[in-house]
Amino acid sequence: MGGLDETGTTGSGPELPLSARAKEMRPVTYLDELNPAQREAVETLEGPVLMLAGAGTGKTKALTSRIAHLLNTETARPNQILAVTFTNRAAREMKQRVQQLLGMTVEGMPWLGTFHSICAKLLRRHAELVGLKSNYCILDTDDQKRLLKQIIIAENIDEKKWSARLLAHIIDEWKNRALTPANVPLSESDAFNHRAVPLYALYQERLKTLNAVDFGDLLLHMLTVLQDHGDVLENYRRRFRYILVDEYQDTNIAQYLWLRLLSRGHGNVCCVGDDDQSIYSWRGANVGNILRFEKDFPGAKVVRLEQNYRSTPHILAAASGLIAANRDRLGKTLFTELGDGEKVRLASLWEGEDEARWIGGEIEAMQGGIRGSRTFGLDEIAILVRATRQMRAFEDRFLAIGLPYRVIGGPRFYERQEIRDALAYFRVACSPTDDLAFERIVNTPRRGVGDKAQQAIQLAARSRGISLLESARALASGGQLAARAGSAMTALVERFDRWHRMALSPSLSHIELATEILDESGYTEMWTLAKTPDASGRVENLKELVRALEQFENLQGFLEHVALVMENESESSERKVSIMTLHAAKGLEFPAVFLPGWEEGLFPHQLSLDENGIKGLEEERRLAYVGITRAEELCTVSFAENRLVYGQWQANLPSRFIDELPEAHVDVLAAPGRGCDGGGWSETADTGVAERAASADVYNSPGWKRLQARSATSRPVPGRRTAVDLNATAEFTCGDRVFHEKFGYGYVMEVTGDKLDIEFERAGGKKVIARFVVPAERAS
DNA sequence: CCAAGGCCGGTTTTT
DNA sequence: CCGGCCTTGG
């Protein structure tokens, strides 16, 4: 279970004299297992330390050993250590490994957790300092957007032009940068048609009335508390004598400020990170934090962990060669002592389906004992994609050939509609004033309470300053609703009253209560009767939800857990191939990794380049680096020359990242699927692709050569038809030499309306809309 | 009040 | 091409 301790599982434990016992129980061995760099990072307990830990260099080991060392030398007691991670997974792993090292349970480490869970816990203690009650509820992004939408509509703003989604994004960014409505710089006040700042302020007001916070607030409020209340700050500075931060390259500005406040004074802060693995800038992460560490924390000791224990040499060299193309980096030289191993394999396929088919074939071949090569279990294999839409092809293919797979990081269990609905019922039952939850389920399942009735309830609630449930009760009993809505509301209010009483009664099992709520509300029935194909799955999920309740003492505790630990915890032990995004793969490793879809536009992703230019490109490259470095023994990069994108066939160039892989460490597979075995596993690959002309290795394929050659040989015949650019920027005629942002220079071959057929020198033949090209002489 | 059709948008995603 | 969301018409 997660690193969230809000539910009290470990947080409320007594502060044990853990280190003393640890010593009795187990002799110090952890130091002997460290290399010199790791050892230095572990043993430098005082003052700021930056551990620059490359991929696979034993960073978690160093971090956990450091905690063990702090405890074992009695430098700190467990409750004096603040250790923060980003994900529950990381927190859980850290806890387990400290336990392993010390050979005991770490019940007494209350301050090891995610930024969010630790802040949530602290904020419960100090909620009143920011105008909240300690039982505040934590909204997820869905609630957040619904709330913003209400505000936008209430302010008479055209929601279509100015979406809640956009506003949520703007506000999140400000919160990431620790900007309260009052602090937003004037230069940014024009955002959202000059309305963003006042709307932000309104939103914060509304949250306060609801006694609610969003994720960003957890950090921001705690920051406010520490900044404005010297006594509280002093208290925590004295308490958290040693601070450890995992994945420092992913911290945002609010988190950075928070850490600085807490560590100023003793300065015992140890940050671990890798600037080359910073892939979350779009979520507010600020690589600058790690790049600036030595300036921010004067006298900092910087330790580089450069010995890689994960990947074989070719894989490591390929990754290092690739990332060397990035400019803004601290720079590390990773090395390994592992034996030879395979080169990174590179395969070119005709189209996306072929790619899935080929990889499926490879995986099957890797199962059975192909003579001379190692076999890989399904759970040792991962497919890492750039975008979720790439997953479909693999799922289809694997279903077809009966290859067990699991998609990691898909829509999470607690984010599914039916689960969120059920939780909303539980929320209202526990706290009848939870308006957002009430709103969500007031007419789900349909019970005849439509827009009009809901608006009346809202209005009355606002004007009288009462909750929606109370308002509904008043209107229903006063006969102020339409007949159908009125009777439905009376029944619903009555039920909630009863459920609330049951929730308060300690004698009643919360599992029975949950079951009753779902049955009596008609919610389970709604899905049982639904005729959509996914209905039965949803009923299953509801059952699973009730099962998950068993691990908690009451509904309240469960709801608190869910708010922060949005994970699907049903882990089957069956062996399966993992399919996930590159982002989701960070921190994981697999013996064999497939990296499909290395095509310009997809990876690096076009939007990333468009929006962030060179910075975007460098982040994409780091993503590629993360991908390759997940592999222990076998890494296979592939690309498809053609891909169906939003129903349109698109011809793609191989990713520039392919060119950046050092040739000496790459094994270009000859024509996978054609029977010319280049790699060792290919002979059993599906030969259905054999007839496809253009499948060949990247650099020597006939198709590739043809593309290269074409521009030199073909000269268009000057033509008659002329395209009129609708934006009146230029007119084109057959034979014109033109320039395109993405495809480079080429000649216009044919003109159809505003569409041009262009032979590009590098990219080959494309159909392009006229306004996307400029005459070559105008290209900068 | 609800179901069917039109329209837009469309990377990555933890807490 | 697909899904979510909103509008429209019954």
Side-chain angles (χ1 to χ4, degrees), chain A residues 2-4 6 84-91 113-120 138-142 144-146 149 153 159-161 163-166 169 172 175-176 213-219 247 250-252 254-255 278-285 384-392 408-412 414-415 417 443 445-454 482-485 488 534 561-567 580-587 597 601-612 616 619-620 622-624 626-627 643-650:
Chain A
L4 168 68
E6 265 216 296
V84 277
T85 64
F86 274 85
T87 63
N88 291 297
R89 189 180 75 200
T114 63
F115 272 103
H116 292 271
S117 68
I118 286 173
C119 281
I138 299 165
L139 304 188
D140 61 30
T141 42
D142 203 79
Q144 186 187 12
K145 259 189 280 173
R146 290 201 343 259
K149 192 168 165 186
I153 290 168
E159 210 268 333
K160 260 173 244 136
K161 224 171 146 197
S163 67
R165 194 171 152 271
L166 176 63
H169 179 73
D172 274 346
K175 286 186 176 176
N176 285 336
V213 302
D214 63 23
F215 285 120
D217 282 338
L218 289 172
L219 276 150
E247 307 279 17
D250 286 339
T251 48
N252 62 31
Q255 287 156 341
S278 161
I279 54 174
Y280 282 112
S281 72
W282 50 275
R283 212 163 69 185
L384 311 182
V385 298
R386 175 63 183 86
T388 43
R389 71 171 136 87
Q390 290 171 260
M391 292 179 178
R392 180 75 160 272
I408 294 182
R412 259 162 292 287
Y414 291 116
E415 280 166 21
Q417 184 194 343
N443 198 32
R446 302 260 119 99
R447 43 174 77 92
V449 183
D451 271 355
K452 231 176 66 197
Q454 287 186 45
R484 187 139 61 120
D534 55 1
H561 168 82
V562 168
L564 285 171
V565 188
M566 301 280 270
E567 278 180 84
M580 70 187 94
T581 63
L582 287 158
H583 283 92
K586 194 167 79 156
L602 178 58
F603 192 36
H605 202 284
Q606 194 59 43
L607 281 179
S608 191
L609 304 185
D610 292 347
E611 284 173 22
N612 300 305
E619 182 148 321
E620 295 283 305
R622 291 192 290 268
L623 204 46
V626 166
R643 207 171 273 279
L644 199 54
V645 180
Y646 304 136
Q648 295 277 100
W649 277 105
Q650 208 176 61

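Just so it is clear: chains get the letters A, B, ... in the order the sequence lines come, proteins before strands, and each one is counted from 1.
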List for me each residue that meets salt bridge (Lys or Arg N to Asp or Glu O under 4.0 Å) alongside [X], sequence neighbours excluded, and say none if there are none.
X	result
A:Arg146	A:Asp142, A:Asp143
A:Glu619	A:Arg622
A:Arg643	A:Glu355, A:Glu599

Set of side chain to side chain donor-acceptor pair (under 3.5 Å) partners for A:Thr87, sequence neighbours left out
none
Would you mind reading off the distance between [X] atom [atom1] and [N] atom [atom2], rounded to a whole angstrom?
X	N	atom1	atom2	answer
A:Arg283	B:dT12	CZ	P	13 Å
A:Leu609	B:dT12	CG	P	15 Å
A:Lys586	B:dT15	NZ	P	12 Å
A:Leu384	B:dT11	CG	P	19 Å
A:Trp282	B:dT13	CH2	C1'	4 Å
A:Phe115	B:dT15	CZ	C1'	12 Å
A:Ile279	B:dT14	CD1	C1'	12 Å
A:Met391	B:dT11	CE	P	13 Å

Measuring from the side chain of [X] (C-beta onward, heavy atoms only), which nucleotide among [options] has the closest atom?
X	options	result
A:His583	B:dT15, B:dT11, B:dT12	B:dT12
A:Lys149	B:dT15, B:dT12, C:dC5	C:dC5
A:Thr114	B:dT11, B:dT15, B:dT12	B:dT15
A:Arg386	B:dG10, B:dT12, B:dT15	B:dT12

What does the list of N/O pairs under 3.5 Å between the protein and nucleotides 2-5 of chain B look like, with a distance for each?
| residue | atom | partner | partner atom | Å |
| --- | --- | --- | --- | --- |
| B:dC2 | OP2 | A:Asn443 | ND2 | 3.4 |

Under a 3.5 Å distance rule, please check whether A:Asn176 uses its side chain to pair with a backbone N or O of A:Arg283 as donor and acceptor.
yes
Just to be sure I understand the rule, does [X] reach a base, reach only the sugar-phosphate, or reach nothing, if contact means heavy atoms closer than 4.0 Å?
X	result
A:Gln454	nothing
A:Tyr646	base
A:Ser608	base

Return no unless some side-chain N or O of A:Ser117 is found under 4.0 Å from OP1 or OP2 of B:dT15.
no
Quick check on DNA chain B: between A:Leu623 and A:Phe86, whose nearest nucleotide comes earlier from the 5' end?
A:Leu623
Across all chains, not counting sequence neighbours, the ring-ring contact (aromatic ring centres under 6.0 Å, His included) partners of A:Phe86 are A:Phe115
Kindly determine whether A:Lys175 and A:Phe215 satisfy side chain to side chain contact (heavy atoms under 4.5 Å, CB included), including the steps that lead there.
CA-CA 9 Å; A:Lys175 286 186 176 176; A:Phe215 285 120; over 6 Å; no
